Amino acid sequence: MGRDTIADIITSIRNVDMYKKGTLRIASTNITENIVKILLREGFIENVRKHQESKKIFLVSTLRYKRTRKGVYRTILKRVSRPGLRIYSNYQRIPKILGGIGIVIVSTSQGIMTDREARLKKIGGEILCYIW
């Protein structure tokens, strides 16, 4: 039985965010690198660097926290497609999260990208997760 790397990323980010630990350490694969690049580009992560320990490569990143009047704004992640139930959508039916404030990460034939990029390229695919 294989591992669900996307669920591992989401769980790690949730745990780090809940305990306000700050630094996040994820095993490096092609999928995790692409998702972390998207999170960095969209402003959910401050910085990313690669770290190697005994032939294993990890991505070490720092989460970005936003302050509001009520305290610290938390990042909310929701896994949509999972190994037991894949969710696919064409580019016209990719949902908009909070009216376009949040992002949807989509795995397409041209790689992993956000919902905005998929709509611009008119490509559908598997909806991986929602982030807002």
Side-chain angles (χ1 to χ4, degrees):
M1 189 165 161
R3 291 183 48 150
D4 188 9
T5 57
I6 300 166
D8 290 344
I9 294 171
I10 291 173
T11 304
S12 299
I13 292 173
R14 260 193 223 129
N15 290 339
V16 167
D17 191 34
M18 188 174 11
Y19 294 113
K20 295 178 183 64
K21 192 174 179 182
T23 58
L24 175 67
R25 186 175 162 209
I26 304 170
S28 178
T29 63
N30 289 336
I31 294 172
T32 58
E33 285 183 16
N34 289 331
I35 291 175
V36 167
K37 283 179 188 175
I38 289 174
L39 293 175
L40 181 67
R41 196 173 54 223
E42 294 292 326
F44 292 102
I45 292 178
E46 283 185 12
N47 58 11
V48 178
R49 64 182 170 87
K50 286 189 176 183
H51 180 71
Q52 185 171 359
E53 287 181 13
S54 66
K55 297 183 182 179
K56 290 187 180 182
I57 300 174
F58 294 97
L59 296 173
V60 178
S61 59
T62 306
L63 289 182
R64 177 173 288 168
Y65 293 103
K66 299 175 185 172
R67 294 221 170 253
T68 61
R69 290 183 182 179
K70 296 181 181 178
V72 176
Y73 174 73
R74 293 185 55 197
T75 303
I76 299 173
L77 296 105
K78 182 179 179 187
R79 175 86 158 122
V80 178
S81 184
R82 57 185 202 266
L85 179 64
R86 303 288 186 184
I87 306 295
Y88 296 96
S89 177
N90 61 6
Y91 75 96
Q92 298 164 336
R93 294 184 185 231
I94 296 174
K96 290 186 179 181
I97 304 302
L98 295 176
I101 296 173
I103 62 170
V104 178
I105 296 181
V106 183
S107 176
T108 66
S109 59
Q110 294 184 4
I112 296 175
M113 58 183 71
T114 64
D115 56 338
R116 285 178 238 128
E117 294 169 348
R119 281 192 202 97
L120 285 175
K121 293 183 179 182
K122 296 186 177 181
I123 301 172
E126 180 182 356
I127 298 175
L128 299 177
C129 61
Y130 301 148
I131 303 171
W132 69 92

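Atoms considered below: every heavy atom in the structure, side chains included; atoms not considered: hydrogens, waters and symmetry mates. All figures in this text were calculated on a predicted structure; none of them were measured in a lab.
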K.L.:
Go through Ile13 and Leu24 one step at a time and tell me if the side-chain contact (heavy atoms from CB on, under 4.5 Å) criterion holds.
P.N.:
CA-CA 7 Å; Ile13 292 173; Leu24 175 67; 3.4 Å; yes
K.L.:
So, does Arg82 use its side chain to make a donor-acceptor pair with the main chain of Asp4 at under 3.5 Å?
P.N.:
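Side chain of Arg82 to backbone of Asp4, a donor-acceptor pair under 3.5 Å: no, none is there.
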K.L.:
Between Met113 and Ile38, what is the shortest heavy-atom contact and its length?
P.N.:
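For Met113 versus Ile38, the nearest heavy atoms are CA-CD1, 3.7 Å.
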K.L.:
Are there over 12 heavy-atom neighbours, none belonging to Asn30, within less than 6.0 Å of that residue's CG?
P.N.:
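Open: at most 12 neighbouring heavy atoms sit under 6.0 Å from CG of Asn30.
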K.L.:
Is a side-chain N or O of Thr32 found less than 3.5 angstrom from the main chain of Ala27, in a donor-acceptor match?
P.N.:
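The answer is yes, because a donor-acceptor pair under 3.5 Å joins these two groups.
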K.L.:
Less than 4.5 Å apart, any side-chain heavy atom of Glu117 and any of Gln110?
P.N.:
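No - every pair of side-chain heavy atoms lies 4.5 Å or more apart.
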K.L.:
If you look at every heavy atom in Val16 and Gly22, which pair is closest and at what distance?
P.N.:
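Of all heavy-atom pairs spanning Val16 and Gly22, the closest is CG1-N, 3.6 Å.
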K.L.:
I need the minimum non-hydrogen distance between Leu63 and Glu46, along with the two atoms involved.
P.N.:
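For Leu63 versus Glu46, the nearest heavy atoms are O-OE2, 4.1 Å.
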K.L.:
If we ignore hydrogens and angles and just use 3.5 Å, is the side chain of Arg14 paired with the main-chain N or O of Leu77 as donor and acceptor?
P.N.:
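Judged by distance alone, yes, a pair lies under 3.5 Å.
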K.L.:
Which atoms form the tightest heavy-atom contact between Ile127 and Ser81, and what is the distance?
P.N.:
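That would be O-CB, 2.9 Å.
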K.L.:
Kindly give the heavy-atom pair with the smallest separation between Thr23 and Thr62, and that separation in Å.
P.N.:
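Minimum heavy-atom contact is CG2-OG1, 4.4 Å.
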K.L.:
Which heavy atom of Leu128 sits nearest a heavy atom of Arg79, and at what distance?
P.N.:
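Taking Leu128 first and Arg79 second, the nearest heavy atoms are O-NH1, 3.4 Å.
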K.L.:
Is a donor on one side and an acceptor on the other found under 3.5 Å between the side chain of Asn34 and the backbone of Ile112?
P.N.:
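No, Asn34 side chain to Ile112 backbone: no donor-acceptor pair under 3.5 Å.
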